[in-house]
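Below is one structure; the comments refer to it alone.
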Amino acid sequence: MAKTNKLVLIDGNSIAYRAFFALPLLNNDKGIYTNAVYGFTQMLLKILEDEKPTHILVAFDAGKTTFRHKTFGEYKGGRQKTPPELSEQFPFIRQLLDAFKIKRYELENYEADDIIGTLASYAADGNWDVKVFTGDKDLLQLVTPDVEVVLTRKGITEVEAYTVEQVNERYGITPHQIIDMKGLMGDPSDNIPGVPGVGEKTAIKLIKQYGTIEKVLDSIDEISGAKLKERLTENKEQAIMSKELATITKEAPIEVSLEETNYDGYETSSIFPLFKELGFNSLLERLGGDEEILQDEEKEELNFKTVTKIEADMLTSPSSIIVETLTEDYHKAKIHGFAVSNDAGTFYIPSSVADQSEEFHEWLQDQNQKKRMFDAKRAHVALHGQGIVLNGIDFDIQLASYLLNPSESLDEVADVARQYGKSNVDVNEAVYGKGAKKKLPEDEAVLAEHLCRKAHTVFQLSDLLDEKLKENEQSDLFYQLEMPLALVLAKMEEFGVKVKSDTLQKMGADLDIQLTALEKDIHDLAGVSFNINSPKQLGEILFEKLNLPPVKKTKTGYSTSVDVLEKLEGKHEIINKILIYRQLGKLRSTYIEGLLKVVKEDTGKIHTRFNQVLAQTGRLSSIDPNLQNIPIRLEAGRKIRHAFVASQPGWKILAADYSQIELRVLAHISQDENLIEAFKTEMDVHTKTAMDVFHVEESEVTSEMRRHAKAVNFGIVYGISDYGLSQSLGITRKEAGEFISSYLDSFPGVQQYMKDSVSEAKHNGFVSTLLHRRRYLPEINSRNFNLRSFAERTAMNTPIQGTAADIIKKAMVDMDQRLTDEKLEAKMLLTVHDELIFEVPENELQKLEEIVCEVMESAVELDVPLKVDVNWGDSWFEAK
DNA sequence: CACGGCACGC
DNA sequence: GACGTACGTGCCGTGT
């Protein structure tokens, strides 16, 4: 029988606490902390959406003392004071609930638990479904067939619902026995004493056996263990009292009836103003806040002119220039219009006008006409597609903004504008729509204004951001490195890389055959046909049909990842075949089919896009296709590289990669003598690490020791945790932790660097690289262990990875210059983090090899040498 | 169309 | 003592 009423009871204090600690200390534009309110709101919206309650109430604790203090004066004693950053948010949470028209209630002398317990008991007449939301496990005692308790798990909106069965499954006892368990084990957070020496395990064992505390105490004689017996005897009364303290009352004298919790939903009109005040723009949008509300401030009037004929005085220097493209992939993007802004005014130049104007094209190509832009690389490539070379790029506010703070989103002009307090430009989505419905506005005047607003904003922000770069001592990084690099990347993207489609197709056909055979074998072994690519179906086959032991679970079911399957190898023939199927399937879908899809038909080339403003460490990323994850580790995958060749007959592919660049950087910035020595004497760094970590001579280093040492080095470079290291080596977390401390003992300079880097982050709020790249780490002071630890590892790792990124970027800019200076025909094609790939005519091979080594090795001067390995051949495969 | 699971590189 | 643990991109399957 479906029940008529659905009652949701929320433990307000608990959820607020939870939200506060789960989120970084956000504040709105007026400096009011809002993270708890924000998290609370998210939770509330989710509950309303998921549960659709007919009745709802949020209970709060009232005052400092409760009836429990009469029983035990020190109840909740020693508890840390609520941080003021949280306290000040409670009034907003109350306002929020009022805006949502949700009943809230608190009662002198009682805790939120008691209000919830009492109301839940009111609703026990069989007509009610009750759900209690809290972060406090104590409330599990309220679970009955009618009452579910939903505990927050991690983050804000991830929760776990407990029914009677689930309580039993988790603790092995019934919900009302929770209080007996608590009575025995106590609760340090509430200062409930319990019985000293009895923890969760013992408590559960005893309660399972005897049922209640009282029965346990009656049967002390038969309990085994002299010490336990003694403790129980001595603390009888304390145990009974603890149980009393832990018991939630169902008879609090509340003055609220079930009827009063009736809920008819909310009206956005009362919620939007509050969201606006708090700065909850994403939530506003989620609730369908319309544009007027989203853009609360009237955009200031902008004077601009739509140009029908280009006049000389419109194109002065400096100017900002918008080259508008709508398609994400700018290689094939159409240009829908231009806008220019400068001291003379702001002008919309329709494509039709621009196309006809020789003068405009000349201006675009004029090196001396300084241009301020947003994402100049996109414009450069798009114009290149029209046969126009864009010159004179002077300032890119997207790049500048990335250097000032790489963690901000920077997809469009409006993002940067918002960050620097300008709200005079619309987001693209508001003008063009999104997804399948994305299109130019019907009215060209709308487009004109949008582009002009962008142009105007870019022009204004350039000066401001230039100033900020100076303050941060990032002007060199910007003007000498990232700006020129953008142009180098544009040229690489435009030039593209030749890929032999027929080679890929042949490999694809081979894979098809192997995959078909594997699929048949797997289905035969399973005894049933199913989709091997579906983790869900595969999980059911392996762990239910074939009864293999499930090693790990994911949120949605059994995990079937490689490490799980590897543990099952040998238990069933099917496993190995699945592993091979996965490996080959990945090759086929991502690398064969994926690459074939993006080969340009007429030229046989692929044109990736490098994202220069995304990675938090300063690295580049690559999309469409991603050329930075082409297989190399396993032979079958490495063969893909056969398809990457030079674009002209007789030319070669040359690859130059930095050897151990991150560890060399670490040696330099940490000034660890041991590590510096290792590189100065050209030792194998992993072997050296193994010698020091395991305290053995070079000749005694086994391959296993070297493998472990290599993983530790890997961990240092990538900032992984003891957990991460344990996963990659298949050892326990404790062992991994020991490796790490042993490593740090052997390299005291590194240890000191790690400490310094964290305190630098705490002190400045950011860490930086050799060339002054920054990464802010606001969570370094978080009280949330997780967030803080992550920030600490990031503080140690980012200067290493980021400096390595600085170096290779510098090498690219220098290399581009050298190729021009030396009048070489060779082309730089790609970069893969620590590697540069070129195509080169045979007669330039020797010269290029020389130059590449020289340029890369001297990109910056470190206290250890930089070493570069160069290889070449007919394809990327041979250049190894 | 968004999300989760998985896998590739550095 | 929990928490959920390098950064990216892209594929597939699943559920809305």
Side-chain angles (χ1 to χ4, degrees), chain A residues 18 21-22 135 137 152-155 158 188-189 199-200 406 434-436 530-539 552-565 578-579 582-595 597-598 608-611 614-634 636-638 640-641 657-658 660-662 714-728 733 736 775 782-794 796-798 800-802 804-805 808 831-835:
Chain A
R18 188 74 195 192
F21 287 107
K137 294 190 178 72
T152 52
R153 273 193 59 204
K154 58 172 181 189
E158 217 175 289
S189 70
E200 184 176 312
K434 69 167 168 180
F530 68 101
N531 186 345
I532 308 166
N533 283 323
S534 160
K536 187 165 168 254
Q537 294 180 32
L538 180 61
K552 197 167 77 178
K553 283 205 164 193
T554 65
K555 291 192 251 205
T556 51
Y558 306 107
S559 168
T560 65
S561 59
V562 185
D563 51 317
V564 169
L565 295 183
I578 292 169
L579 282 167
R582 277 258 177 89
Q583 195 200 331
L584 300 185
K586 173 84 179 175
L587 287 180
R588 181 170 66 177
S589 65
T590 304
Y591 297 106
I592 302 288
E593 288 168 0
L595 279 174
K597 254 186 269 179
V598 293
T608 188
R609 278 137 53 214
F610 291 104
N611 196 334
L614 187 140
Q616 299 297 298
T617 50
R619 277 184 168 184
L620 298 168
S621 73
S622 149
I623 55 168
D624 250 8
N626 181 354
L627 291 176
Q628 302 193 316
N629 70 346
I630 303 299
I632 188 163
R633 248 180 54 246
L634 301 168
R638 191 174 197 156
I640 302 275
R641 294 173 178 233
D657 65 290
Y658 279 113
Q660 302 295 352
I661 186 166
E662 282 97 352
F714 181 88
I716 299 290
V717 167
Y718 290 115
I720 61 174
S721 56
D722 53 355
Y723 173 85
L725 181 64
S726 74
Q727 290 296 299
S728 68
R733 192 173 156 161
R775 182 171 183 180
S782 168
R783 288 164 308 276
N784 178 314
F785 174 86
N786 248 334
L787 296 176
R788 192 178 61 247
S789 306
F790 182 46
E792 286 170 357
R793 293 203 303 277
T794 308
M796 305 181 230
N797 151 258
T798 294
I800 304 173
Q801 239 194 76
I808 191 150
T831 167
V832 188
H833 304 312
D834 63 354
E835 183 182 10

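Throughout, protein chains are lettered first and strands after them, A, B, ... in sequence-line order, and every chain is numbered starting at 1. These numbers were taken from a predicted model, which means no experiment stands behind them.
- Atom name C1', nucleotides B/dA7 and C/dA6: the rounded distance is 16 Å, in whole Å.
- Rounding to whole angstrom units, NZ of residue A/Lys597 and C1' of C/dC11 are separated by 8 Å.
- At a threshold of 4.0 angstrom between heavy atoms, the contacts of A/Ile720 include nucleobase atoms, whether or not backbone atoms are also involved.
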N/O contacts under 3.5 Å, protein versus nucleotides 7-10 of chain B?
from: B/dA7; atom 1: OP1; to: A/Arg582; atom 2: NH1; distance (Å): 2.6
from: B/dA7; atom 1: OP2; to: A/Val562; atom 2: N; distance (Å): 3.0
from: B/dA7; atom 1: N3; to: A/Lys586; atom 2: NZ; distance (Å): 3.0
from: B/dC8; atom 1: O2; to: A/Asn629; atom 2: ND2; distance (Å): 2.9
from: B/dG9; atom 1: OP1; to: A/Ile632; atom 2: N; distance (Å): 2.7
from: B/dG9; atom 1: OP1; to: A/Arg633; atom 2: N; distance (Å): 2.8
from: B/dG9; atom 1: OP2; to: A/Arg633; atom 2: NH1; distance (Å): 2.6
from: B/dC10; atom 1: O2; to: A/Arg619; atom 2: NH1; distance (Å): 3.2

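- Applying the side-chain contact (heavy atoms from CB on, under 4.5 Å) test to A/Phe530 and every residue at least two apart in sequence or in another chain returns A/Ile522, A/His523, A/Ala526, A/Ile532, A/Gln537, A/Leu538, A/Ile541.
- The shortest distance between the side-chain N/O atoms of A/Thr556 and the OP1/OP2 oxygens of B/dG5 is below 4.0 Å.
- With rounding to whole Å, A/Arg609 atom CZ is found 11 Å from C/dT9 atom P.
- Minimum atom distance to the side chain of A/Ser721 is reached by C/dA6, of the listed B/dG5, C/dA6, C/dC11.
- At the heavy-atom level, A/Asp624 lies under 4.0 Å from the strands shown only through sugar-phosphate atoms.
- Contacts of A/Asn797 with the nucleic acid, taken as non-hydrogen atoms under 4.0 Å apart, are absent.
- Protein atom CD1 of A/Ile578 is 14 Å distant from nucleotide atom C1' of B/dC6, rounded to whole Å.
- Between A/Ser559 and B/dC6 there is a side-chain N or O to OP1 or OP2 distance below 4.0 Å.
- Of the side-chain N and O atoms in A/Ser621, one or more sit less than 4.0 angstrom from OP1 or OP2 of C/dT9.
- In this structure, the CG atom of A/Asn784 is 14 Å from the P atom of C/dA2, given to the nearest Å.
- No side-chain heavy atom of A/Leu725 sits under 4.5 Å from any side-chain heavy atom of A/Arg733.
- For the 3.5 Å distance criterion, the side chains of A/Ser622 and A/Thr608 qualify, holding a donor opposite an acceptor.
- Only the P atoms considered, C/dA2 is 25 Å distant from B/dC6, to the nearest whole Å.
- Scanning all heavy atoms of the two residues, the minimum distance from A/Ser561 to A/Lys552 falls at OG-NZ, 4.0 Å.
- Contacts of A/Gln727 with the nucleic acid, taken as non-hydrogen atoms under 4.0 Å apart, are absent.
- Side-chain contact, A/Arg788 with A/Ser782: no donor N or O sits under 3.5 Å from an acceptor N or O.
- Heavy atoms of A/Leu614 sit under 4.0 angstrom from primed sugar atoms or phosphate atoms, though from no base atom.
- Backbone-only contact: A/Ser622 has heavy atoms under 4.0 Å from sugar-phosphate atoms and none from a base.
- Salt-bridge check for A/Lys586 with A/Glu593: failed, with every basic side-chain N at 4.0 Å or more from each acidic carboxylate O.
- Between the P atom of C/dC3 and the CZ atom of A/Arg783 lies a distance of 19 Å, rounded to the nearest Å.
- The base-pairing partner of B/dG9, taking Watson-Crick or G-U wobble contacts with both distances under 3.5 Å, is C/dC7.
- Between A/Leu538 atom CG and B/dC6 atom P the separation is 9 Å, expressed in whole Å.
- When side chains are defined from C-beta on, A/Tyr658 does not count as touching A/Glu835, because their heavy atoms never get closer than 4.5 Å.
- Look at A/Ser534 and you'll find a side-chain N or O under 4.0 angstrom from OP1 or OP2 of C/dT14.
- OP1 or OP2 of C/dG15 has at least one side-chain nitrogen or oxygen of A/Lys536 nearer than 4.0 Å.
- Of the possible polar contacts, one joining the A/Arg641 side chain to the A/Pro631 backbone as a donor-acceptor pair under 3.5 Å is found.
- Counting to the nearest Å, the C1' atom of B/dG4 and the NZ atom of A/Lys553 are 16 Å from each other.
- If A/Phe790 and A/Arg733 are placed on DNA chain C by their nearest nucleotide, the residue sitting closer to the 5' end is A/Arg733.
- In this structure, A/Asn531 atom CG and B/dC6 atom P are separated by 14 Å, rounded to whole Å.
- Minimum atom distance to the side chain of A/Asn786 is reached by C/dC3, of the listed C/dC3, C/dC12, B/dG5.
- Judged by distance alone, the side chains of A/Thr560 and A/Arg582 do bring a donor and an acceptor atom under 3.5 Å apart.
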